[in-house]
Q: 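The structure is given below, and queries will be raised subsequently.
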Amino acid sequence: MTQSAAAPPASLDLKRLFPLYVAQALATGAVNVSTILAALVVGNLGFPSLVGLPSTLISAAAALSAGLFGSLMLSRGRRLGLGLAFGLGALGAVVGFAGGKLGLLPVFLLGAALMGAAQGGYQQARYAVAESVPEARRGTALGALMLMSVVGSFLMTGFSRPIEAGAAWLGATPEVFGWLLGGVLLGTAAVLMLAWRPLRAPGAAAVARLPLREAFALPGVRETALALATAQGLMVTLMSLTPHRAHDMGMDHAGIAAIISGHIAGMFGFGWLTGPLIDRVGVRPGYVAGAVLLAVAALTAPLPGHAWLGVSMFLLGLGWNLVNVSGSKEMARFPAAQGVTDGLGYVAAGVGTLLGGVVIAKAGFPLLAYLCAALSLLPLWSAWRAGR
């Protein structure tokens, strides 16, 4: 199945985008009830020293698969690529459920790796959304896609009681049952791809078959990739390691959950504002504002007091939002570089969390925060180069 080469419609066509938006909500819900709780599953299986391994496998698998899915979507179309990615995620969730239910750690880790590989594919749905609208409305469409992530998060929050009931019926813990529910959600997203008719942006066909080296030599690609990878790496690093600082400061689980909720609100809850704003003012202000917010988030994280951690995590999410919407809008013009760019973001996240843990152990959390603040200024170079 190949993509249509038709031009995007003159305005936002919500009916055409509806399957993608619903699939995004379902995928976010699946992540919330499965992969985020993977560390708890491993701990409950009796391997407390390996609680970080599922996250590492998920990031590594996503980094490896992003480029492969990107190539597949270029050659066979977005619908097939996204459908296979959602289907692979459903398979991984079921395998993870089986491993957790039977107490088999290797099987559970295999499921986590498959879920990570799926994320490397279906996270590229944002490019499919961007290709379906005029360039002047891409920020708005991408912002609406982020809002669907909020819908998915709240949907799963409201399903906590049914999840507990389903877990009791199957004789599993809620964390393990969440993997089975995640498989159902991702399987539904795969079916939705059958109802979606993709479009390709004007000019995309001309560069879709470029070799990777030539694609990254195109004006605008390297600076866009740098901004996206930087924002992703810094966001995941601080998001993953700040809760440890909160715990050391005496914050209870409810407090940690609250600052993570604030972070998610910053990441996705303001898409209705940031998307249209970037369409109006351009990607350069988006990069600059995002970089400044990322730097402020990093600098406020070491300050004393629980309130500053909440402020830091919210600003971290909002800064990532601005850079991600701006960069994704730009990267929609370069299909040949999309998958590899996403892979670079996953690599940055994996390296950041790994080295960040070492920095904290050797020199403390403040030094990590200051290093992140310095690195957060890299999107300023992207802003300076944008449009040249």
Q: Under 4.5 Å between any side-chain heavy atoms of Glu330 and Glu223, yes or no?
A: no
Q: Where do Leu186 and Ala30 come nearest, in terms of heavy atoms and distance?
A: CG-CB, 3.7 Å
Q: Under a 4.5 Å side-chain heavy-atom rule over Ile, Leu, Val, Met, Phe, Trp and Tyr, are Val351 and Val236 clustered together?
A: no
Q: Out of curiosity, Thr224 OG1 to Phe216 CZ, how far, rounded to the nearest 0.5 Å?
A: 9.5 Å
Q: If you group Ile, Leu, Val, Met, Phe, Trp and Tyr by side-chain heavy-atom gaps below 4.5 Å, do Leu53 and Trp179 land in one group?
A: yes
Q: Counting only N and O atoms by type, is there a donor-acceptor contact under 3.5 Å from the side chain of His306 to the main-chain atoms of Met249?
A: yes
Q: For the CG atom of Leu82 and the CE atom of Met73, what is their distance to the nearest 0.5 Å?
A: 4.0 Å
Q: Evaluate the ring planes of Tyr122 and Phe86, with Trp represented by its six-membered ring, and classify them as parallel (under 30°), tilted (30 to 60°) or perpendicular (over 60°).
A: parallel
Q: Do the side chain of Thr353 and the main chain of Gly350 share a donor and acceptor less than 3.5 angstrom apart?
A: yes
Q: Does Met331 offer a backbone N or O that forms a donor-acceptor pair with the side chain of Gln338 under 3.5 Å?
A: yes
Q: So with a 6.0 Å cut-off around CH2 of Trp381, is the heavy-atom count from everything else above 12?
A: yes
Q: Measure the shortest side-chain to side-chain distance between Asn324 and Met146 over non-hydrogen atoms and say whether it is less than 4.5 angstrom.
A: yes
Q: Hydrophobic clusters here meaning ILVMFWY residues chained together by side-chain heavy-atom distances under 4.5 Å, can you tell me if Leu371 and Met313 are in one?
A: yes
Q: Within the distance-only criterion (no hydrogens, no angle test), does the side chain of Thr230 pair as donor or acceptor with the backbone N or O of Ala227 below 3.5 angstrom?
A: no
Q: Report yes if the distance between the aromatic ring centroids of Trp384 and Tyr287 is under 6.0 Å, otherwise no.
A: no
Q: First locate atom CG of Leu84, then atom CZ of Arg79, and finally report the distance between them rounded to the nearest 0.5 Å.
A: 12.0 Å
Q: Mind checking the OG1-NZ spacing from Thr173 to Lys101? Nearest 0.5 Å is all I need.
A: 10.0 Å
Q: Can you name the closest pair of heavy atoms from Thr274 and Asn321 and give their distance?
A: OG1-OD1, 2.7 Å
Q: Where is the tightest heavy-atom contact between Ala373 and Ala298, given as atom of each residue plus distance?
A: N-CB, 3.6 Å
Q: Quick one: closest heavy-atom pair of Ala63 and Val347, and the distance?
A: CB-CG2, 3.8 Å
Q: State, with a plain yes or no, whether a side-chain heavy atom of Val283 is found less than 4.5 Å away from one of Ile278.
A: yes
Q: Given a cutoff of under 4.5 Å between side-chain heavy atoms of I, L, V, M, F, W and Y, with clusters grown through shared members, what are the other residues clustered with Ile58?
A: none
Q: Check for a donor-acceptor pair, side chain of Arg284 on one end and backbone N or O of Ala386 on the other, with a separation under 3.5 Å.
A: yes
Q: Is there a path of hydrophobic side-chain contacts, each under 4.5 Å between heavy atoms of I, L, V, M, F, W or Y residues, that connects Val292 with Leu238?
A: yes
Q: Is any side-chain heavy atom of Pro54 less than 4.5 Å from a side-chain heavy atom of Leu109?
A: yes
Q: Verify, without hydrogens or angle tests, whether Gln124 (side chain) and Ala66 (backbone) share a donor-acceptor contact under 3.5 angstrom.
A: yes
Q: Centre-to-centre under 6.0 Å for Tyr370 and Phe365, is that the case here?
A: no
Q: Step by step, would you call Leu234 with Leu375 a side-chain contact (heavy atoms from CB on, under 4.5 Å)?
A: CA-CA 8 Å; Leu234 293 175; Leu375 292 172; 4.1 Å; yes
Q: I want to check something: taking the side chain as every heavy atom from C-beta on, are Asp342 and Arg126 in contact at a cut-off of under 4.5 Å?
A: yes
Q: Taking all atoms of both residues into account, what is the closest heavy-atom pair of Thr300 and Ser312, and its distance?
A: OG1-CB, 3.4 Å
Q: Report the distance from atom CZ of Arg197 to atom CG of Leu17, rounding to the nearest 0.5 Å.
A: 11.0 Å
Q: Evaluate Tyr21 against Val129 for side-chain contact (heavy atoms from CB on, under 4.5 Å), listing each step before the verdict.
A: CA-CA 9 Å; Tyr21 284 158; Val129 167; 4.1 Å; yes
Q: Tell me which one of Arg137, Arg138, Lys329 satisfies side chain to side chain donor-acceptor pair (under 3.5 Å) with Asp279.
A: Lys329
Q: Do Leu192 and Leu26 have side chains that get closer than 4.5 Å, going by heavy atoms?
A: yes
Q: Do you know the tightest heavy-atom contact between Ala90 and Gly183?
A: CB-O, 3.5 Å
Q: So, Arg385 side chain and Gly220 main chain: donor-acceptor pair closer than 3.5 Å or not?
A: no
Q: Spell out, yes or no, whether Leu181 and Trp169 are grouped together once hydrophobic residues are joined by side-chain heavy atoms under 4.5 Å, including indirect joins.
A: yes
Q: Contact between Phe97 and Phe108 at the side-chain level, heavy atoms closer than 4.5 Å - yes or no?
A: no
Q: Is there a side-chain contact (heavy atoms from CB on, under 4.5 Å) between Leu102 and Val107? Walk through the geometry before answering.
A: CA-CA 9 Å; Leu102 298 175; Val107 176; over 6 Å; no
Q: Are the ring centres of Phe268 and Trp320 closer than 6.0 Å?
A: yes
Q: Distance check, rounded to the nearest 0.5 Å: Cys372 atom SG versus Leu316 atom CG?
A: 8.5 Å
Q: Decide side-chain contact (heavy atoms from CB on, under 4.5 Å) for Gln232 and Val323; before the verdict, give the C-alpha distance in whole Å, the side-chain angles of both, and the deciding distance to 0.1 Å.
A: CA-CA 9 Å; Gln232 182 71 12; Val323 177; over 6 Å; no
Q: Less than 4.5 Å apart, any side-chain heavy atom of Trp272 and any of Phe270?
A: yes
